[in-house]
There are 2 protein chains.
Amino acid sequence: MAVTIKDVARAAGVSAATVTRALSKPEVVRPATRDRVKEIAASLGYHPNRAARGLITGRTGNLGLLVPDLGNPFFPSIVKGVQARAHEADHAVFLADTDEDPAAEAGLVRKLAKQVDGVLLCSPRMAEAEIRALATEVPTVLLYRRVPGVASVTAEFLDGMRQAVSHLVALGHRRIAYVAGPRTSWANRERVRSLRAVTRTRVELVETGNVVPQFEGGVSVADQVLAAEVTAVIAYNDLVALGLLHRFAARGVAVPHDISVLGFDDIPLAAMVHPALTTVALPKDQAGQAGVDLLLRERHRERRELPTQLMVRGSTGPAR
Amino acid sequence: MAVTIKDVARAAGVSAATVTRALSKPEVVRPATRDRVKEIAASLGYHPNRAARGLITGRTGNLGLLVPDLGNPFFPSIVKGVQARAHEADHAVFLADTDEDPAAEAGLVRKLAKQVDGVLLCSPRMAEAEIRALATEVPTVLLYRRVPGVASVTAEFLDGMRQAVSHLVALGHRRIAYVAGPRTSWANRERVRSLRAVTRTRVELVETGNVVPQFEGGVSVADQVLAAEVTAVIAYNDLVALGLLHRFAARGVAVPHDISVLGFDDIPLAAMVHPALTTVALPKDQAGQAGVDLLLRERHRERRELPTQLMVRGSTGPAR
DNA sequence: TTGAAAGCGTTACCAG
DNA sequence: CTGGTAACGCTTTCAA
């Protein structure tokens, strides 16, 4: 049997009320009593039952975090940021990986809702209406997505895209392919929008069909990219870019000599491969941390937009 | 305000007791009442507060999962397995990333203990005594580690190592380096032990110093490996192997022509790089799932040992 | 088959 | 400064 507040109270010869005060409002209890209670609590190994506490205070000390696919290294990075900040604030984190299944997500959140003080939603595909509904049921912060009226943390995609295109233009590229991610993904729509805005005059843009946001997506579309006779390609994300790299290598296409490849996200992997991947770094730890801050400070309307940074590495070079 | 059982009871014109019965023991309540209650509950969007339920039943419907570093793609794979199985069993998962900080782990677990039905511990470095203590406080299953008296899911490391060494021997390798992981890591000790057992007669083994179990660890030790004049190297894990690959490439050492490289884990990344990494695949999803099964079926003593599988890819070849 | 009441562990409020 | 009591939302006796 776990040790409860009553055990401590009995052992210390005080009431439960005094125990709880000694522990959570030390200043209102006489020092001698306080110290004795604290000592006994420690020696008994007492930890308040957070569920019981939550029942009465309305605050559970828990956070929910929803991500679409932990297999994409982008998301573990976010999770780490969330965890770090949450633990600092003495909160525990419920994690749910929805496996890219938008249908299941809302249900998952609702099951968690009562057990958490708020939810961080990293859910590029969930319907906007669903998100709005959820946000009325439980404090919600969106990660990497914007929905009117809901707090969110995003990145400066437009500026990131501008950095990417400027880099390629400076290298002499004038005809560039974009490998699109899932059609229904907010992030993809945002990237396409930014890309079009940024290339309007300077560059000819070739958009391929949509692929799954994974390594396999890149592999599958690589030959189309080659056939499009571009000198550079921007991928929806790093995983897709790595898929391109892989298939290019298999076909004997040299990167960056024959074609330049540029990714998005800056997953740790991007720096580990050969040639290393030039990519637009999105804030990950910081996004997670900022999300937790918004949630815990009850900034339920606020939007934060974090800077992005082009990481120039080996996979981009002069247009041939 | 969230909708509670009382709201449903009032709306349905029954008592709270009947509502809870209609929902959790449908057979003991009159069909007409049951259906009406269910309908109203659904229309009101009622979900039982699991924390309150846990208070009385002693079962929370939550699981805790501790991993040392989500940045290592091995662990997200495990998390996915755990999640999948936990959700099937209608359980939610608390995730804690300890950031390779064994000191913090025990405290984290204890904070969670009251809120979960059990804990999955993936904690290669925590002291054995600490683990034993924890296991008496909360149902515990160890992942990838064995401690007497505590339930665990591990892999057949010895057999995996045998497969790896046989493969290298068949390719003509007679002098092999092993890049060791953290000295205090159970997995590393196990690998060293297996490796020694398996190489006793056939192969000359050169063990390098211990490195951090990350990409950087491999990079940092690569030159030592080269100086050791071996024809093949087995790394503590895939991340370390990728670090070796990276530094070898930078030094103009061709893999597998000049040296063969073999990893451990089979993280997704291993198949994506060039040359693809030969590695011993450890069960990941299955380990997570098996762990959840042990926990939920209250097999608090059982040990399961899952098979491993050598994945032969481009990074190993004939000894030169 | 249903309802009333007790109680899970905690904290908030009100007396003293 | 401290203790008693009520209440959080739920499930489980025990009676009816």
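To find a chain, count down the sequence lines: A is the first, B the second, and so on, and within it residues start at 1. This one's a predicted model, so the numbers in the text were calculated from it and none came from an experiment.
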Residues forming a salt bridge (charged side-chain N to carboxylate O under 4.0 Å, His left out) with B/R85, sequence neighbours excluded: B/E88, B/D293
Interatomic distance, B/D7 CG vs D/dG9 P [rounded to whole Å]: 9 Å
Degree of bending in the helix from C/dT1-D/dA16 to C/dG16-D/dC1 once both end axes are built from five pairs, to 10°: 40°
Contacts of type salt bridge (charged side-chain N to carboxylate O under 4.0 Å, His left out), residue A/E156, not counting sequence neighbours: none
side-chain N/O B/T18 vs C/dG3 OP1/OP2, d < 4.0 Å: yes
Short side-chain to backbone donor-acceptor contact, B/K80 and B/F75, under 3.5 Å: no
Nearest-angstrom distance from the residue atom CG of A/L23 to P of D/dC1: 17 Å
Phosphate OP1/OP2 of D/dT2 contacted by A/T33 side-chain N/O (<4.0 Å): yes
Salt bridge (charged side-chain N to carboxylate O under 4.0 Å, His left out) partners for A/R36, two or more places apart: none
Side-chain donor-acceptor distances from residues 11-29 of chain B under 3.5 Å, at least two apart:
| residue | atom | partner | partner atom | Å |
| --- | --- | --- | --- | --- |
| B/S15 | OG | B/A17 | N | 3.4 |
| B/S15 | OG | B/T18 | N | 3.3 |
| B/S15 | OG | B/T18 | OG1 | 3.3 |
| B/S24 | OG | B/T20 | O | 2.7 |

Summary of protein contacts for nucleotides 10-16 of chain C, nucleotide by nucleotide, where a base hit scores B, a sugar-phosphate-only hit scores S (4.0 Å, heavy atoms): BBBB---
Residues in side chain to side chain contact (heavy atoms under 4.5 Å, CB included) contact with B/R132, at least two apart in sequence or another chain: B/E128, B/V147, B/P148
Whole angstrom value for the distance that separates C1' of D/dT12 from CG of B/L55: 13 Å
Set of salt bridge (charged side-chain N to carboxylate O under 4.0 Å, His left out) partners for B/D117, sequence neighbours left out: none
Inter- and intrachain pairs under side-chain hydrogen bond (donor to acceptor under 3.5 Å, both in side chains), touching residues 297-307 of chain B, at least two apart: B/R299-B/E302
Gap between atoms CG and C1', on B/D35 and C/dT1 respectively (whole Å): 15 Å
